[in-house]
Amino acid sequence: MSAGCCTRNSVFAPTKPTLSWKFTLPSKTLPPLRKTTKRFAVFATFISTSKPTVLVAEKLGEAGLDLLKKFANVDCSYYLSPEELCSKISLCDALIVRSGTQVSREVFESSGGRLKVVGRAGVGIDNVDLPAATEHGCLVVNAPTANTIAAAEHGIALLTAMARNIAQADASIKSGKWQRSKYVGVSLVGKTIAVMGFGKVGSEVARRAKGLGMNVIAHDPYAPADRARAIGVELMSFDEAISTADFISLHMPLTPATSKIFNDEAFSRMKKGARIVNVARGGVIDEEALLRALDSGIVAQAALDVFTEEPPAKDNKLVLHENVTVTPHLGASTAEAQEGVAIEIAEAVVGALKGELASTAVNAPMVSAEVLSELATFVTLAEKLGRLAVQLVAGGSGVKSVKVTYASARGPDDIDTRLLRAMIIKGVIEPISSVFVNLVNADFIAKQRGVNLTEERITLDGSPENPLEYIQVQIANVESKFASAISDFGEIRVEGRVKDGKPHLTKVGSFGVDVSLEGSIILCRQVDQPGIIGKVGSILGDENVNVNFMSVGRIATQRQAVMTIGVDEEPRKEVLKKIGDIAAVEEFVFLKL
Ligand SMILES: NC(=O)C1=CN([C@@H]2O[C@H](COP(=O)(O)OP(=O)(O)OC[C@H]3O[C@@H](n4cnc5c(N)ncnc54)[C@H](O)[C@@H]3O)[C@@H](O)[C@H]2O)C=CC1
Ligand SMILES: O=C(O)C(=O)COP(=O)(O)O
């Protein structure tokens, strides 16, 4: 059993509802984290006794580096080849990148499980293999807000530069020419601009375009219409937006759904002479189709900050096209944005390494701070119940079907059980495998191991003061090494509650028990007769094993009882044998928490 393994920890701060996981790296003085975020993802990392190492693989603002250095060894190694990155990564606990580094599956595989956090110092995480990160239990955090304005301003800069041929005219005059009639531009005022992707950057572009006197429309299948309406923008379908607009500004993420969404067909539906700005991702445009559209005049001009391949090839025809204005992915590159991004990502990475809450987790569920503090002890209870239940399974019978029941007087929608679910999976799987389970990879690991976890809610009458009354974990279709743990319905069943702020085991099989879930537990079924408790107690006492809790639950007087004994340390095998040898003891089991 790995329950006592010292390289892992899952213990949520059990006594006071702080917003942190209790454990991990040595405490270092850190600058206080900003308190601006409301939603968090919890990430349990592993205990390490030395300073963590953070590999910064692309240029990061000084303020962020300073913050990192207070907590970690910081290795700034820029321009690593993919092979160099893979070979370095096994020595790193965290990796920070911008858009220029591919964090591929090979990177996670090469890390040997050490890499716990990838920080993307910016918004787009299309250069990080998220499924691979999740499978490896690696948290991915980004810095989603600090470069929004910079990107929006760059979009507007490209829009105006394109409309007035600034770059071309600049190059012309520098080459000794004076071509006033060649560079007559087009006006923006009164024109329609379609903002494709009405998120943080898109809405800031929309605001600024309004200020330029443009008519702003937008397409975003996920944006709330009232947010758009609030700044006087009408949301419409993709086709309607691109066929109505004089200018089209791209602000959506690169996803399988948006990859090459601007293709021959899309260009053919645009107004003749449309102008396109792309400060999002090169991959949302089929670049060959754009070239054809430019050559045929469907698209009059394009202004591109991003490319499918970065840097683009020297002979890239789009880059060299006279109607195309280009910048080398400069959207986020202002001094202000880079300082902001560096601080934002350093805080997120340090927090995650400390086991705290990541407000910008990309591959873990977000849980509000309030929910988190309320559920803290139940999270511990959930993991321990999972650990107990799986240790009751007889060797050889595979765990496939786990059912969790949450009983509460609160309404079904009032409790976010994702954390509890993840921790039960952790509790069930870690003792029987060598994998590290956390909130990031719990569902993936469960699926991979063929463990099907179902959840049920029972709504109780009464005052909903506590978020939950009890949690019950059942493992079906297995045999138990402690027959009394099998309920009347044939499955292993353990149930627990939070009492006085501490997790307690309150039921095993059909027996009511009551033991605080600390240290380890001996479960013992005996014929209910006087003197047994004393005998077991003195066997443990003689061996200096401290009993911290003991309870007896019986079915009926003078029949059978289950004794639950909480012990601080694991008794020697011989001691356990002595307990088993007591005549009235029918079965017993030792369980680590
Ligand atoms: N060039 C640069 O240096 C920078 C580029 N970016 C890029 O700009 C883009 C937008 O960034 P943010 O506004 O911060 O992200 P965001 O997540 O706030 O906004 C993206 C919006 O796109 C929408 N969207 C998703 N699928 C869509 C689809 N199929 N069609 C239309 N809209 C869709 C989403 O609903 C969301 O509202 C990202 O691709 C990001 O990587 C961001 C910062 C700097
Ligand atoms: O934040 C983003 O999505 C960006 O594209 C910025 O990229 P960068 O950090 O400048 O490489």
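If you read the sequence from its start, that first residue is 1, and numbering goes on from there. First listed ligand is number 1; within each ligand, the first listed atom is number 1. Computed from heavy atoms alone, side chains included, the values below leave out hydrogens, waters and symmetry copies.
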When you look at CD of Q179, are more than 12 heavy atoms from neighbouring residues, nucleotides or ligands closer to it than 6.0 Å?
-> yes
Option set R120, K59, R98, H154, criterion heavy-atom distance to atom 6 (C) of ligand 2, minimum | R120
If you measure every N/O of I261 against every N/O of ligand 1, is any gap under 3.5 Å?
-> no
Before signing off on this row, confirm whether G124 and ligand 2 have an N or O atom pair separated by under 3.5 Å.
-> yes
Mind checking whether P221 has a heavy atom under 4.0 Å from ligand 1?
-> yes
Quick one: does Y222 get an N or O within less than 3.5 Å of an N or O on ligand 1?
-> no
Examine A332 against ligand 1 and note whether any of their N/O atoms are separated by less than 3.5 Å.
-> yes
Report yes if V123 has an N/O atom closer than 3.5 Å to an N/O atom of ligand 2; otherwise report no.
-> yes
Using a strict cut-off of 4.0 Å, indicate which atoms of ligand 2 neighbour a heavy atom of A332.
-> 6 (C), 10 (O)
To atom 25 (C) of ligand 1, the nearest of P253, A151, A257, G282 on a heavy-atom basis is P253
Numbered in order shown, the ligand 1 atoms found under 4.0 Å of a heavy atom of N147 are 43 (C)
Go through V349 and I96 one step at a time and tell me if the side-chain contact (heavy atoms from CB on, under 4.5 Å) criterion holds.
-> CA-CA 8 Å; V349 167; I96 295 183; 4.0 Å; yes
Under a heavy-atom criterion of less than 4.0 Å, does A223 contact ligand 1?
-> no
Could you tell me which atoms of ligand 2, counted from 1 in the order shown, lie closer than 4.0 angstrom to a heavy atom of N147?
-> 1 (O), 2 (C)
With a 4.0 Å heavy-atom cut-off (strictly under), which part of V201 contacts ligand 1: side chain, backbone, both or neither?
-> both
Do Q301 and T325 come within less than 4.5 Å of each other through their side chains, counting heavy atoms only?
-> no
Side chain to side chain, R281 and L250, heavy atoms closer than 4.5 Å | no
Just go through L235, V195, V279, T258 and tell me whose heavy atom is the nearest to atom 4 (C) of ligand 1.
-> V279
Flag E58 as yes when one of its N or O atoms lies below 3.5 Å from any N or O atom of ligand 2, and as no otherwise.
-> no
Pull out every atom of ligand 1 sitting under 4.0 Å from any heavy atom of G124, numbered as shown with elements.
-> 41 (O)
Should T148 be listed as contacting ligand 1, given a heavy-atom distance under 4.0 Å as the test?
-> no
Which atoms of ligand 2 have any heavy atom of R281 under 4.0 Å away?
-> 2 (C), 3 (O), 4 (C), 5 (O)
